Every structure is written in C-alpha cells, then in structure tokens.
Amino acid sequence: MKNRRYGRALTLQALYCWTITHTSLEELLQFRWLEMGSLPPDNNGLLSESICSFATELVQGVINNIHQIDKVISKATAHWDIGRMLIVDRLLLRIGSYEILYRDDIPHAVTLNEMIELAKCYSSDNSPSFVNGILDRVYINHCS
C-alpha cells in the first residue's frame, strides 16, 4: 500500500469514528494515528509524519467543507439520498470529492483509483463501481 493510500485509509477510519461518535474535530485529531487502525508502521514503529500530516489535512478538509461536499455529491446522485448510502461509501465519496474540488495537487485519475481501491478493501462488492461512477460525475459537473 502506498504512503498516501495509508493516509487515505486513516482518513476513512477517522471520519468513520467522527460519524459514529460525533467527536469534535479537535478531539478527533488528538488521537494518535497509529491507534486509529492497524496499518503497517514505518521503521520506527510509528506511522511517518508525512502519512499523518496528509491524513490530518484530508480529515480537516472534509469536515470543514462537508456541507458543500454533500451538496456536490447530492447533485451527482440524483436518485440517491446521501443519508441512505453505506457509511463507508458516503465517506469515500466525501474524501474523493474533497480531493477533486479542493486539492489541485492530486490528479483526478489518482483520486478515482485510490477511492476505488479503498472501496474494494473496506466496503461491499458493488461499492467500487458505485464510488467510481459518482466521483466521475462530481468531476464532470465541477471540473470539466
């Protein structure tokens, strides 16, 4: 798993915790990232600073822009109520939409690929194609 994929997996785990527990952003970010999940550590037994920093940026970005992100997702999913989606799918769509809308340094194709791979690992059999289709529409609606 690539370093940024670790960061995205941590972001998914942190946002899942935030969604379920309604923990404040400040409290959420006080947790040590290594305790958030069982991801391979670097040589020192800890996740690298770059992985943790990337995950923190994504978590903050999604939470701070969640209302706009959800509007964009809702527009791309005309017949799906965002609240009825699988939690993991909804979170992957939020992370992917955040990257598409706010992170010009991350190519659209990379975001799509990463969200599809995370959907394969953490969600249902139908989730990769669902996430791919919705994020592709988000990109077309807002960036092309």
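It should be emphasised that the depicted structure is a prediction, and the values quoted were computed from it without experimental measurement.
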Fill in the blank from the handout: Taken to the nearest 0.5 Å, the spacing of Ser123 OG from Ile116 CD1 works out to 13.0 Å
Handout entry: salt bridge (Lys or Arg N to Asp or Glu O under 4.0 Å) against Arg8, all qualifying residues, sequence neighbours excluded
Key = Glu99, Glu114
Problem - Pairwise side-chain hydrogen bond (donor to acceptor under 3.5 Å, both in side chains) hits with a residue in residues 61-76, at least two apart - result: Asp70-Arg94
Exercise for the section: Give, for atom CH2 of Trp80 and atom CG of Asp89, the distance between the pair rounded to the nearest 0.5 Å. Expected result: 8.5 Å
Exercise for the section: Tell me, please, which residues at least two apart from Arg103 pass salt bridge (Lys or Arg N to Asp or Glu O under 4.0 Å). Expected result: Glu57, Asp105
Completion exercise
So OH of Tyr122 and OH of Tyr16: to nearest 0.5 Å the spacing works out to 13.0 Å
Practice task
Answer yes or no: are there more than 12 heavy-atom neighbours, outside Phe54 itself, under 6.0 Å from its atom CZ?
Solution key: yes
Practice task
Return each pair, listed once, that meets ring-ring contact (aromatic ring centres under 6.0 Å, His included) where at least one residue sits in residues 91-114; pairs must be two or more places apart or across chains.
Solution key: Tyr98-Tyr102, His108-Tyr139
Exercise for the section: Just jot down the salt bridge (Lys or Arg N to Asp or Glu O under 4.0 Å) partners of Lys120, sequence neighbours excluded, or say none. Expected result: Glu117
Exercise for the section: Using side-chain hydrogen bond (donor to acceptor under 3.5 Å, both in side chains) as the criterion, list what pairs up with Thr77, not counting sequence neighbours. Expected result: none
Exercise for the section: Drop me the distance from Ser124's OG to Leu86's CG, to the nearest 0.5 angstrom. Expected result: 5.5 Å
Exercise for the section: Flag yes if more than 12 heavy atoms outside Asp125 fall under 6.0 Å of its CG atom; otherwise flag no. Expected result: no
